[in-house]
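Written out below as structure tokens is the structure these notes cover.
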Amino acid sequence: MTHASPELAPARARGRVRHQGDVERVQPLRAGRCDYCGEQLGAVAKARHARFCCTDCRTAWWTVARNRGAQLYPMLMIGRLHRGRANTRGASMIGKFSALIDSWVRADKAGGDDHAAD
């Protein structure tokens with residue numbers, strides 16, 4: 001019996017396994033402002049490249065991002081599979097992406113907790 005070297009052996013996962021892949025650092029939407037509520041960030045937060053003014057905003061933003069991503073993912077897969085060809089489920093998918101994202105922008109501009117329900 002041969003054993004794989006430690007470098008090649010698959011790592012054992014603890015608990016729930018998450019696919020994270022190669023993810024780039026998410027840039028702030030507006031420099032110096034909270035990505036969720038829009039409040040101005042303090043000097044300490046700016047120095048560490050923070051994107052949120054508090055834990056509640058960070059949690060709420062990621063909840064909205066997860067929910068919106070779950071809405072968008074199947075649309076992207078269908079669009080890519082059919083590549084927008086006429087008479088397929090992918091036809092006019094770019095317009096559907098745009099309409100969905102426009103609705104999110106309108107909800108975000110409306111403010112409050114309205115956009116947290118996405």
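All values reported here derive from a predicted model rather than from experimental measurement.
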[Y] side chain reached by [X] side chain, heavy atoms, under 4.5 Å:
{"X": "R66", "Y": "W61", "answer": "no"}
{"X": "L41", "Y": "R33", "answer": "no"}
{"X": "M93", "Y": "M75", "answer": "yes"}

How many angstroms lie between [atom1] in [X] and [atom2] in [Y], if you round to the nearest 0.5 Å?
{"X": "R30", "Y": "R51", "atom1": "CZ", "atom2": "CZ", "answer": "11.0 Å"}
{"X": "C34", "Y": "Q40", "atom1": "SG", "atom2": "CD", "answer": "11.5 Å"}
{"X": "F97", "Y": "D102", "atom1": "CZ", "atom2": "CG", "answer": "13.5 Å"}
{"X": "Y36", "Y": "W62", "atom1": "OH", "atom2": "CH2", "answer": "14.0 Å"}
{"X": "I101", "Y": "D108", "atom1": "CD1", "atom2": "CG", "answer": "11.5 Å"}
{"X": "L72", "Y": "N67", "atom1": "CG", "atom2": "CG", "answer": "12.5 Å"}

Would you confirm whether D35, through its side chain, and L29, through its main-chain N or O, come within 3.5 Å as a donor-acceptor pair?
yes
Answer yes or no: is there a donor N or O on one side and an acceptor on the other, between the side chain of T59 and the main chain of D56, under 3.5 Å?
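Flag not set: sc T59 to bb D56 has no pair under 3.5 Å.
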Minimal heavy-atom distance between P74 and A70, with the atoms involved, is CD-O, 3.1 Å
How far apart are the C-alpha atoms of Q71 and W104, what are their side-chain angles, what is the distance that settles it, and do they pass the side-chain contact (heavy atoms from CB on, under 4.5 Å) test?
CA-CA 11 Å; Q71 291 175 358; W104 294 340; 3.2 Å; yes
Taking a hydrophobic cluster as the set of Ile, Leu, Val, Met, Phe, Trp and Tyr residues connected by side-chain heavy atoms closer than 4.5 Å, whether directly or through intermediates, do I94 and L100 fall within one such cluster?
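Yes, same cluster.
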